[in-house]
There are 2 protein chains.
Amino acid sequence: MRIQDVAQAAGVSVATVSRALNEPGKVAAETRTRVEQAASRLGYTPNASARTLRTQRSKVIGVVLPTLLNPVFAECFEGIASTAAAAGYAVQPFTTEYQIGRESRAVNSLLAGNADGVILVVSNPARSSALQRLVEARLPYVLAYNRHAKHPCVSVHNEAAVAELIAHLGTLGHQRIAMVSGQLQASDRARQRHRGYRQGMQRAGLQEMPLIEVPFVETAVQELASLLRRQSAAERPTALVSSNDLLAIRCIRAAHLAGLRVPQELSVTGFDGIALGEDLTPMLSTIVQPNAEIGQRSVELLVRSMAADAPLSAASSITLAHRFRAGESCAAARRTPSV
Amino acid sequence: MRIQDVAQAAGVSVATVSRALNEPGKVAAETRTRVEQAASRLGYTPNASARTLRTQRSKVIGVVLPTLLNPVFAECFEGIASTAAAAGYAVQPFTTEYQIGRESRAVNSLLAGNADGVILVVSNPARSSALQRLVEARLPYVLAYNRHAKHPCVSVHNEAAVAELIAHLGTLGHQRIAMVSGQLQASDRARQRHRGYRQGMQRAGLQEMPLIEVPFVETAVQELASLLRRQSAAERPTALVSSNDLLAIRCIRAAHLAGLRVPQELSVTGFDGIALGEDLTPMLSTIVQPNAEIGQRSVELLVRSMAADAPLSAASSITLAHRFRAGESCAAARRTPSV
DNA sequence: CTGTTAGCGCATTCAG
DNA sequence: CTGAATGCGCTAACAG
């Protein structure tokens, strides 16, 4: 089913069909109707590749993100996909599983002319060679969740968010507050959030505790549980500040396995605000980021830049508001431990 | 960066470049090296649209599914994406949010020549007009999770799984077992699982309880909680069999809000086996389906059929094994209630 | 307002 | 083993 068939059926030229379908205003009403009817009767759908080849615009936005198994990114992706669809763009996702090599491969595919623009979540904007290639190719892009002075980013203020959270925990009487995180190396968010922890602890006049870095999610629960079991009540943290919600959920499980009640004996907080957290018992106490909106705003930025044919600069970066959801996994410290 | 530039740089014709890159065996070793070096030096990536237009194969697999916010589908999608990538295919997802209209729109986009094949999860295979159009267009496809005698499907045996579960609950002493489900109309899985419930209850000689149909996930928790609160201990179910894991999690929350302990006072089971369920407290008791494998097998089927250029029939359908994960949200009934 | 035509970048005959 | 030439389906000049 080609444009030619429609032209023949409607008794016009291919150019007229193309115009009738793409710029209806430029065609006589009667002709247009004839074309439209012929097209719909034949079930004609314009060939995307031919159109892309001709116009040099694919109407596709590439998306590079760590994984869709983490609801944070799934939520963001839905925001991207629906906003993109509304603007007439399809979306093509690539997951990196936090591996640098896969970032590059994804960008390669996207550079094959498949995408008009790219939204990406990378491990380290400062060092991503994939990002570098994107810049060199002058393909419009926006970073989501990442935060970097030289790139257009849509994110929240991670440091501030965690620092505020620490202050809040302080007012709840917590003094032994430990941070739990995935590999710092794999994520600039994790590093920023950890900086927020240090900052918050310092400001609250509390002594920093060693970072609990959990390398693999698969073994996280066991590791955390045995750590909690090993520690005496006096040395154990009274609050665990987790770098993300999925990890916070595992902290809660670990506490349970170690015989600690949450939040009575151990407070646990998350970061991300995944929807599921609200349906858990205890409801997750967490810093909520507007995940769908991060996706939406990224697309808006990208679409605007593609329309204006002007590259985005770091000046376009957007910092969205975060908020703390009290939840139920976090409570006042039971007694003031000696320092 | 076109093939022409590479040809010039390597001092050969475009045809030779094309061959050197796509059919290395058909080119002299020395020539090939020269081409490869020129290509990599210039950072050449073949234009996907041009190639697609020429070969009539996009190397893209379309994926139509309800939502990526439900980890079931996210897990399946990851299975699809990684298997597809290994076979040299990219993947293009469309979410329908369980709306028929969006199924059609997705298929339309895919029919625009963008996809060599499609994997889809539809509401109702028997009535999906989108599916119908796919068949008419002779575009290879596989249904995932759906189950229908006339289409190639990759799924588990939903009826049997729930029936077995009911039998198990029976041996645990449960008699008042109710099923909780999303809208039956929106999903054939839900209907099949409900049939399994009826079958299981009948076989166990238990009296069926009215289906608790929860139309909107947003209000599910409140609805379920008030239902549980309204019922006396004698009329309340002792076990809630949920049609999917996300709903089971909400049932647990609702029980908590209604002051019922899970599993002591109310057993709750799910269906899907999302990874997260294992990290919850109580760990979700659920029927595990191999979500990633459902995706993987769907791709394998599709790829094989595309290679053979032979359409898939219902005879290719695959039923994968499910299993029950005991978890912690399900326990023996406390006392035998009078019937 | 409509038709003719060129060419987007590539893979693939067909010659040599 | 390599090169020249064709056309995939479409849109955008340009002409009428």
Side-chain angles (χ1 to χ4, degrees), chain A residues 1-36 38-39 42-60 88 90 108-116 137 139 309, chain B residues 1-36 38-39 42-60 88 108-116 137 139:
Chain A
M1 186 46 45
R2 303 158 309 152
I3 196 171
Q4 192 127 282
D5 303 323
V6 179
Q8 200 158 8
V12 297
S13 74
V14 293
T16 300
V17 175
S18 176
R19 276 189 293 254
L21 266 27
N22 297 317
E23 311 167 283
K26 292 193 170 178
V27 164
E30 194 225 347
T31 316
R32 192 194 333 147
T33 330
R34 238 184 23 253
V35 171
E36 282 166 354
L42 298 178
Y44 169 70
T45 330
N47 181 296
S49 302
R51 174 179 283 174
T52 298
L53 187 58
R54 175 64 233 235
T55 61
Q56 304 288 24
R57 296 181 309 122
S58 64
K59 291 299 222 170
V60 167
N108 273 359
S109 303
L110 263 7
L111 247 24
N114 252 336
D116 290 345
L139 191 60
D309 212 2
Chain B
M1 185 46 46
R2 302 159 310 151
I3 196 172
Q4 192 126 286
D5 302 323
V6 180
Q8 201 158 9
V12 297
S13 73
V14 293
T16 300
V17 175
S18 176
R19 277 190 291 254
L21 266 27
N22 297 318
E23 311 166 283
K26 293 193 171 181
V27 163
E30 193 225 348
T31 316
R32 189 192 338 145
T33 331
R34 241 188 18 256
V35 171
E36 281 165 355
L42 298 178
Y44 169 71
T45 329
N47 181 296
S49 301
R51 172 178 284 176
T52 298
L53 187 58
R54 176 63 234 240
T55 61
Q56 304 288 31
R57 296 182 309 122
S58 64
K59 292 300 225 170
V60 168
N108 274 358
S109 302
L110 262 9
L111 248 22
N114 253 334
D116 290 344
L139 192 60

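The structure displayed is predicted, hence computed values, not measured ones. Reminder, nothing fancy here: chain letters follow the sequence lines and each chain counts from 1.
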Residue [X], side-chain heavy atoms: nucleotide from [options] that is nearest:
X	options	value
A:V14	D:dT11, D:dA5, C:dG9	D:dT11
A:Q56	C:dA11, C:dG3, C:dC8	C:dC8
A:A15	C:dT4, C:dA11, D:dC10	C:dT4
B:R19	C:dA11, C:dT13, C:dT2	C:dT13
B:T31	C:dG3, D:dT2, C:dC10	D:dT2

Could you give the [atom1]-to-[atom2] distance, from [X] to [N], as a whole number of Å?
X	N	atom1	atom2	result
A:L21	D:dT11	CG	P	8 Å
B:R57	C:dA11	CZ	P	11 Å
B:L53	D:dC8	CG	C1'	4 Å
B:R51	C:dC10	CZ	P	8 Å
B:R32	D:dC1	CZ	P	10 Å
B:Q8	C:dC10	CD	P	14 Å
B:E30	D:dC1	CD	P	13 Å
B:K59	C:dA11	NZ	P	13 Å

Is the phosphate of [N] approached by [X] (side-chain N or O, under 4.0 Å from OP1 or OP2)?
X	N	value
A:T16	C:dT2	no
A:T55	D:dT11	no
B:N22	C:dA11	yes

Exercise for the section: Assess whether atom CD of A:Q8 is packed by more than 12 heavy atoms of other residues, nucleotides or ligands within 6.0 Å. Expected result: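 Count not over threshold, so no.
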
Problem - Name of the residue among A:V27, A:T31, A:V6 meeting side chain to side chain contact (heavy atoms under 4.5 Å, CB included) with A:V12 - result: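 That would be A:T31.
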
Exercise for the section: Could you point out which residue of B:L21, B:T16, B:V14, B:N22 forms a side chain to side chain contact (heavy atoms under 4.5 Å, CB included) with B:S18? Expected result: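 Exactly one option meets the side chain to side chain contact (heavy atoms under 4.5 Å, CB included) with B:S18, and it is B:N22.
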
Practice task
Would you name the heavy atoms of A:R2 and A:Y44 that are closest together and state the gap between them?
Solution key: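 Closest pair (atom of A:R2, atom of A:Y44, distance): C-CE1, 3.6 Å.
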
Practice task
Please name the pair of heavy atoms, one in B:D5 and one in B:L42, separated by the smallest distance, quoted to 0.1 Å.
Solution key: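 Smallest interatomic distance, heavy atoms only, reads O-CD1, 3.9 Å.
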
Exercise for the section: Answer with base, sugar-phosphate or nothing: what part of the nucleic acid does A:A28 contact at a heavy-atom distance below 4.0 Å? Expected result: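 Sugar-phosphate, backbone atoms only, no base.
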
